[in-house]
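Okay, so here's the structure we're looking at.
Residues: numbered from 1 along the sequence shown. Source: prediction; values computed, not measured.
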Amino acid sequence: MIWYCAMFLKLLLTALVIAGALLALRRRREKILRPAPAPRTVSPEKRNSRLITFTAVSVVILMLLGAGFYLFHQWRDTYQIITIHVIDARSGNETTYRAYKGDVDGRSFQTTDGRRVTLAEVERLEMGGD
């Protein structure tokens, strides 16, 4: 679920960057083709420019906050300590280990005290919260 949100945010960021670049190029071209008007107090064009700038800054801040939340969530999930039960299917013996969730990789994992455990084909791995 989170992966989809991250991909959506990446696509949204790319689309916003492209739209911003096209808008900047269009404004630059309009400025070059049109002669400068007589100076006024605050022109409607300047108000639109401020609104666009405010909107762009708001979107960038919102996206940075979203990316920060996503990275924090991933970091917190990776360093969560879980209990791992390794059960031998032939004898029924059970061994319990504690490991970080990010250190579990398929049929092997590294415990919190630094031991590397690789499971045999006849062993079963069960993970649970702490």
In one Ile/Leu/Val/Met/Phe/Trp/Tyr side-chain cluster, 4.5 Å: [X], [Y]:
X: Phe54; Y: Met63; value: no
X: Val60; Y: Leu16; value: no
X: Val57; Y: Leu65; value: yes
X: Ile87; Y: Ile82; value: no
X: Leu64; Y: Tyr70; value: no

Minimum heavy-atom distance between [X] and [Y], given as atom pair plus value:
X: Ala99; Y: Thr111; result: CB-CA, 4.1 Å
X: Arg98; Y: Ile81; result: NH2-CG2, 3.6 Å
X: Asp88; Y: Glu123; result: CA-CG, 4.3 Å

Inset, instruction - Taking atom OH of Tyr97 as the centre, report whether more than 12 heavy atoms of other residues, nucleotides or ligands fall under 6.0 Å from it. - result: yes

Legend entry - Over 12 non-hydrogen atoms of neighbours within 6.0 angstrom of CZ in Arg28: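 No.
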
Inset, instruction - Say whether, by atom type as modelled, one donor and one acceptor occur between the side chain of Arg107 and the main chain of Ala120 under 3.5 angstrom. - result: yes

Inset, instruction - Would you list the pairs meeting salt bridge (charged side-chain N to carboxylate O under 4.0 Å, His left out) in which at least one residue belongs to residues 57-83, sequence neighbours left out? - result: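 Listed once each, the pairs are Asp77-Lys101.
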
For the atom pair [atom1] ([X]) and [atom2] ([Y]), what is the distance rounded to the nearest 0.5 Å?
X: Thr118; Y: Gln110; atom1: OG1; atom2: CD; result: 10.5 Å
X: Ile18; Y: Leu13; atom1: CD1; atom2: CG; result: 10.0 Å
X: Asp103; Y: Arg116; atom1: CG; atom2: CZ; result: 7.5 Å

Inset, instruction - Kindly indicate, with the supporting measurements, whether the criterion side-chain contact (heavy atoms from CB on, under 4.5 Å) is fulfilled by Phe109 and Val86. - result: CA-CA 11 Å; Phe109 59 91; Val86 177; 4.1 Å; yes

Inset, instruction - Using salt bridge (charged side-chain N to carboxylate O under 4.0 Å, His left out) as the criterion, list what pairs up with Arg115, not counting sequence neighbours. - result: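 For Arg115, the residues satisfying salt bridge (charged side-chain N to carboxylate O under 4.0 Å, His left out) (neighbours in sequence not counted) are Asp113.
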
Inset, instruction - State, with a plain yes or no, whether a side-chain heavy atom of Thr53 is found less than 4.5 Å away from one of Ser49. - result: yes

Inset, instruction - For the pair His73 and Phe69, name the ring-plane relationship: parallel under 30°, tilted 30 to 60°, perpendicular over 60°. - result: parallel

